[in-house]
Each structure stands twice: as C-alpha cells, then as structure tokens.
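Reviewing the structure listed below.
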Amino acid sequence: MSSTEQSSAPNNFIRNRIRKEVESGQYDQIVTRFPPEPNGYLHIGHAKSIVLNFAMAAEFGGYTNLRFDDTNPAREEQRFIDAIKEDVSWLGYQWKNECHASDYFDTLYDYALHLIDNGLAYIDEQDGETIREQRGTLTEPGTESPFRDRPAAESRALFERMRAGELPDGAGVLRAKIDMAAPNINLRDPVIYRIRHQAHPRTGTDWCIYPSYDFAHGQSDAIEHITHSLCTLEFEDHRPLYDWLLEHLPVPSRPHQIEFARLNIDFTVLSKRRLTRLVEEGHVEGWDDPRMPTLAGIRRRGFTPQSIRNFCTEIGVTKSESVIPYSVLERNLRDDLNARAPRRMAVLRPLKLVLTNFPEGEVEWLQAANHPQNPDQGTRKVPMTREIWIEQDDFLEQAPRKFFRLKPGGEVRLRNAFIIKCDEVIKDAAGNVVELHCSFDPESRSGQPGADRKVKGTIHWVSAAHAVKTEVRLYDRLFRVPNPAADKNVDFVDHINPDSLEVLDSAMLEPGLDQAGHGACFQFERLGYFVPDPASRPDKPVFNQAVTLRDTWAKLEKAFSQ
RNA sequence: AGGGACGUCGCCAAGUUGGUUAAGGCACGGGGUUUUGAUCCCCGCAUUCGCAGGUUCGAGUCCUGCCGUCCCUGCCA
C-alpha cells in the first residue's frame, strides 16, 4: 500500500506494542494471518481485520498468511473459499501463503494424543446435554465428568477408534482436562475434538473427527510461526485457553493473541449469521447485492478498494466498542472518487426543455472538461440540440427565494454551455409540468466573451436526440434504524427499509456512457458517483449509484421544512 | 451474580515511564473561490478526560470506591 496510507495511520495499542517488541529485539519480523471461516462472504468488518493484519506485517518487515479456519465441515463450502480469496485480492493485499487449518489435521491429531498421553485430555462419553449441565453457570462451578479420571490408555484407545470411524456422531468428545471450577468457563474442560461423519471441502472423507476452533487456532498459528494472532474482543476469554494449549503442546513457536474491537456501522448488520439470513430468505438479491455490507456487495455498488482501506485506517484500532456512522464510509468513497472519477452529464428524472431560439436540426458540439480540477484528464465534446433533457428537480414553478435553479422567467446556466431563460411552462391536462420553453443567450456560450456573466445556478442536461436511455439503480440504507439488531424481541429483518432500492428506467445519459466498461466509475455532475453494473451491456446499460454528492441544498431544504 | 474488558468534544481517536495552555479526522457553525448548491481554501469548535474521594509541588495518566456499557454457560467460529 502507499506510504501515505501508513504514515497517516493513527497510532494504536497493537502497533505500539509490536514496535516496542521489535525495537527490543524480541522479533526479527512480524508474521500475521487473516483467518476467515469459509462459511459466508467477507464484509466490511473483515476489511478492518485484513487491513490491520497486513499493515502490521508490512510495517515491520514480515508477511501475512491467508488461513481458512475450516474445522467445521457442516458449514463450510468451497465457493466461499473462492469468494474470500477474490475479496482479499480485490482489497489490494497479497498473502504469503494460502493455508487451511485442515492442512494441519494430522499434526493436530498428534497434539491431541500428546495431551491424552500426558493426562491432560480425556474422552468423555456423555451426551451433549449432560456435558452442558455439568458445565455449571456463570456463578456456580461445574461438576466433573465421571470419565474425567479414566486411564490415559483408555482415552487413547477410544480416540483412535473415533478417528477410525468406529463411533457414531455424538458418541464421545475429547476434552482438555483443565479446571471445572474455573471462573472462566472456557477452562472448564473444553471440548477440543468431536465426531462428525461429514465430508470436508478439502480433506474429503479422510476424517470423521474434527478439532474445535480453540484446539485448531492457536496450534495453527504456532505451526505457521505467526507472531501476533489478532482477533476480535469476544475471544478475549479464550486467550487463557489459547495459552494453556500452547504451553502444554510441543509446538514449534509461541504466538500471542491480541484482541481488538470489531467494527460496527449504523443502519446495517455485520454478522455472518444475519447476512446469511438476508441472502437465504431473499431479502436481497444475493451476497453481492449492492445494499449488502459485504465486500462483494460494496464492490458492485461502486466502492473502491482504496476508499475502504482509507476508511479502515481512519477509524483506528482500539478495544472500545464503537459504532461508525455509515456516512463515514460514504465520505471516504467520495474523497477517493472526487480526485479521479471522470465527470459526465446524466439526467435521472428527465423533463423536456425546448430551446426556442436554437435552430431546428442543428447539432452544436461543446467542449467539456473531464475533470475541472485535473486538466490532465482532458476534454470531450458533448452535443447540444434544440431539445434537451433536464432534471425534474431543477425546475420549480413556485420557487423559494434561495432556489438557484430554473423557475418561470428565471435564468440558469446549462453546464458546459450557455445561459437560458425560462419563457414558458407547458402543462398537461392534470396540471403537471411536461415541458419548458426557454431561450438561450448566445453570448454566454462557454469560451465566448460573455461567458463570464454570472447567474446563480448551473444545471446539467443531455441532448434529447443523443441521450442514452438507461436503467439507473439508486440505493439507500438497507435498514430504517441505526441498530437493527439492538432489540432481542424484534427480528432484525422487520427493520428492513422497503425503499432501499429505487430503479429508474428512463435516465438519460450523455452519449458514450453506454460504452463504459465494467470497473469504470463516473461522477454524474451534481448527482453523485455511478458505476456500470456487472450485468450492464452496451445495448442495455445499467448503472448503480455508488454514492451521492454532498448535498447542502437538500440539507437546507429539509431544515426549512421543519 | 462469577470471570473478562471498555468508558477522553455530537461520532471516531491520539495522549511516552504523572509535568506547562488535552493531538488529529469527521460532523457542525461562519467566511472566501467556483460554469458541479460538489471540490478547494481560511476561521471557530472539550478550563476538561464516566462519577466521587485520595496520593502528589503537579494526574486524563497512580490509589480507593461507585456508576454505565459490552462479552462469556455451542460437540459454532
């Protein structure tokens, strides 16, 4: 990533700690890992973790592994593995090794035997419910399993039979023998291996017993020589177990887990469980629906990797739970795109406007800057004709005093063209404004001596004869409330915003935009940033609105009306 | 209630081992530039660090006690 990206990053407790450790010579290099479980798509919360992990390793001369935490074949799928790799790459990061917890199943099995042989683990043949009951509660200690003190040889034999497939699911589990009275419930003889007669996406039917997260994660870190295992706060209580296992196993290195607060953004949900529901119940079109906070979704929406990296850097890394306004994400996109997106003109909700003193049938090609602040982007020619489309919002018959756009008898500049005056308002039988008749001032043409004549407003337009009629999709927040999951008694899907998607089927685009390739991004002047949808084709263009421009007028309007 | 953690401006967030007037960003308010009411540029914006005591010449930084919030009783991760 760019150097400015790192130098502008605020300090955080993890970087401070690592810097100190590196300066004291404790580490030669820093090795981190990003460890997703392939049971869903990555979302913006994962981006925070990705950026952190890759940034720390890069900053201190190390590398980052991509490791799939695939210890539960009941939930994991290859398609998710593929999607995750695509998303991390898209974000702009290159992992050193692609790893899988399943790569270590043999070693993990040996580690389990090691624990058994040393009297530190045992096979419990009780059912799940009994084990749960014996775990105790938050305030009461648990009770020990009757199998807790069985001979190591007996546990070993049973474990080998489990591995050989001789026992059915649920017949027994391997438990670490720690302390049933520990105030930290994770230490009350946690289950570290369970029987699952289930094919695994990578190891197929080689195994019918699978290690738990706790047994796989730390050991995988150690095997990969990860120096710092960065994870979210809910794993804080697992650290004593993480450490216990590493201390009692013959692992090749000693990684350390550090926890930080996960990302929360208002008006959305960032848990895989909930995102999965949105997809499976059809509340959205799929994991890549532009309203989804998934990386695939916001990518399709038009977000850039740079804007997401900037966002993740800007919000910082701490241990305090915080909620970032969705608008912060949007602003980062605007900041990024403002600097480089070529400008175009497009009319979303067209209103016909006739220039009565413009010669019929004539086409005048006007020069327009592709980026007013960046002349390097050059210019293009846009056609002007007698009939053009303007935005319905840019005309108001009963205009308030501060309305700088077009009104009866009023003047306004047409962007990249000339000043026009509204002479006549044409209405249909129902009284709706259907057409405007205006006259233009030839002296005020761009480039002419009279071009510097000032009028209050400038509006965009598209020649009716040249316009590319297009579908444009506008997006709003997926939920109506800041924290959709806040109330345990209300299903979060009940908070879905019914107006989160608005499809405009007759937007009028400046010619040339129908040829825009995928991945292109434009600022439609005075409106916002738009990208072609992956399904867009030259003969049927479809644009997605990534984000609007900042709209001070809309804010004022709202303030007036209240 | 047992354990773990967090609480610095509306939202984020810096704050070296306690040492002058508490960074920065966003938001917000005011002004300027502008053929995007966009961008850009200036200016303003916490006598105060959850609360209450205490230690100290001196505390956001140390101690004590409260208050508030989050996480933990899956053979999920």
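So you know, we letter chains A, B, ... as the sequences are listed, proteins then strands, and number each from 1.
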Subject >> Between A:Gln306 and A:Asn310: side-chain donor-acceptor atoms closer than 3.5 Å >> reply: yes
Original post:
Whole Å only: how far is the CZ atom of A:Phe530 from the P atom of B:U36?
Top reply: 18 Å
Subject >> Any donor-acceptor N/O pair under 3.5 Å between B:U69 base and A:Glu321 side chain >> reply: no
**OP:** Sort out for me which residue in A:Tyr210, A:Tyr122, A:Phe159 forms a ring-ring contact (aromatic ring centres under 6.0 Å, His included) with A:Tyr193.
**Re:** A:Phe159
**OP:** Can you tell me the distance, in whole Å, between the CZ atom of A:Phe235 and the P atom of B:C72?
**Re:** 11 Å
**OP:** Ignoring the backbone of A:Arg194, work out which of B:A77, B:C28, B:A14 is nearest its side chain.
**Re:** B:A77
**OP:** Mind telling me if B:G7 is syn or anti? Syn here is a glycosidic angle within 90° of 0.
**Re:** anti
**OP:** Please state whether the rings of A:His200 and A:Phe105 are parallel, tilted or perpendicular, taking 30° and 60° as the class boundaries.
**Re:** perpendicular
Original post:
Rounded to the nearest Å, what distance is computed from the NZ atom of residue A:Lys20 to the P atom of nucleotide B:U16?
Top reply: 9 Å
Subject >> B:A77 base stacked by A:Tyr213 (centroids within less than 5.5 Å, tilt under 30°) >> reply: no
Original post:
When you measure from the side chain of A:Pro372, which nucleotide among B:A27, B:U36, B:A77 comes out closest?
Top reply: B:U36
Original post:
How is A:Arg334 classified with respect to the nucleic acid when contacts are heavy atoms under 4.0 Å: base, sugar-phosphate, or nothing?
Top reply: nothing
Original post:
A:His217 vs A:Tyr213 aromatic rings, parallel, tilted or perpendicular, using cut-offs 30° and 60°?
Top reply: tilted
Original post:
Side chains of A:Arg150 and A:Ile123: closer than 4.5 Å at any heavy-atom pair?
Top reply: yes
Original post:
Looking at side-chain heavy atoms only, is the closest gap between A:Ser229 and A:Arg33 below 4.5 Å?
Top reply: yes
Subject >> Sugar-phosphate only, base, or nothing, as touched by A:Glu259 at under 4.0 Å among non-hydrogen atoms >> reply: nothing
Original post:
How close or far is atom P of B:C76 from atom CD1 of A:Ile185, stated in whole angstroms?
Top reply: 17 Å
**OP:** Name the closest nucleotide to the A:Arg331 side chain, picking from B:C26, B:C75, B:A38.
**Re:** B:C26
**OP:** Could you please name the option among B:C12, B:C75, B:C76 that lies closest to any side-chain atom of A:Val173?
**Re:** B:C75
Original post:
Between B:A13 atom P and A:Glu314 atom CD, what is the distance in whole Å?
Top reply: 11 Å
Original post:
Ignoring hydrogens and angles, does a donor from either the side chain of A:Arg405 or the base of B:G37 sit under 3.5 Å from an acceptor on the other?
Top reply: yes
**OP:** Can you figure out which of B:C28, B:A77, B:C12 approaches the side chain of A:Asn72 most closely?
**Re:** B:A77
Original post:
When all nucleic acid strands are considered with a 4.0 Å heavy-atom cut-off, which category describes A:Asp237: base, sugar-phosphate, or nothing?
Top reply: base
Original post:
Taking the side chain of A:Gln373 as heavy atoms from C-beta outward, which of B:G3, B:A14, B:U36 is closest to it?
Top reply: B:U36
Original post:
What are the residues of residues 126-139 of chain A, sorted by number, that bring a heavy atom to within less than 4.0 Å of RNA chain B?
Top reply: A:Gln126, A:Asp127, A:Gly128, A:Ile131, A:Arg132, A:Arg135, A:Gly136, A:Thr137, A:Leu138, A:Thr139
Original post:
Among B:C6, B:U39, B:A14, which is the nearest nucleotide to the side chain of A:Thr318?
Top reply: B:A14
**OP:** Please work out if A:Lys402 contacts a base, only the sugar-phosphate, or nothing of the nucleic acid, heavy-atom cut-off 4.0 Å.
**Re:** base
**OP:** Take the protein atom CZ of A:Arg526 and the nucleotide atom P of B:A38, then report the distance between them rounded to whole Å.
**Re:** 11 Å
**OP:** Assign the ring pair A:Trp287 / A:Tyr41 to parallel, tilted or perpendicular, where the plane angle (0 to 90°) is split at 30° and 60°.
**Re:** parallel
Subject >> Pairwise side-chain contact, A:Lys20 with A:Arg15, heavy-atom cut-off 4.5 Å (strictly under) >> reply: no
**OP:** Grab the CD1-P distance between A:Ile192 and B:C76 for me, whole Å please.
**Re:** 14 Å
Original post:
Checking all strands, does A:Ala554 fall into the base, sugar-phosphate, or nothing category for heavy-atom contacts under 4.0 angstrom?
Top reply: nothing
**OP:** Report yes if a donor N or O on one partner sits less than 3.5 Å from an acceptor N or O on the other, where the partners are the side chain of A:Arg343 and the base of B:U36; otherwise report no.
**Re:** yes
Original post:
Does a side-chain heavy-atom distance below 4.5 Å link A:Leu275 with A:Thr294?
Top reply: yes
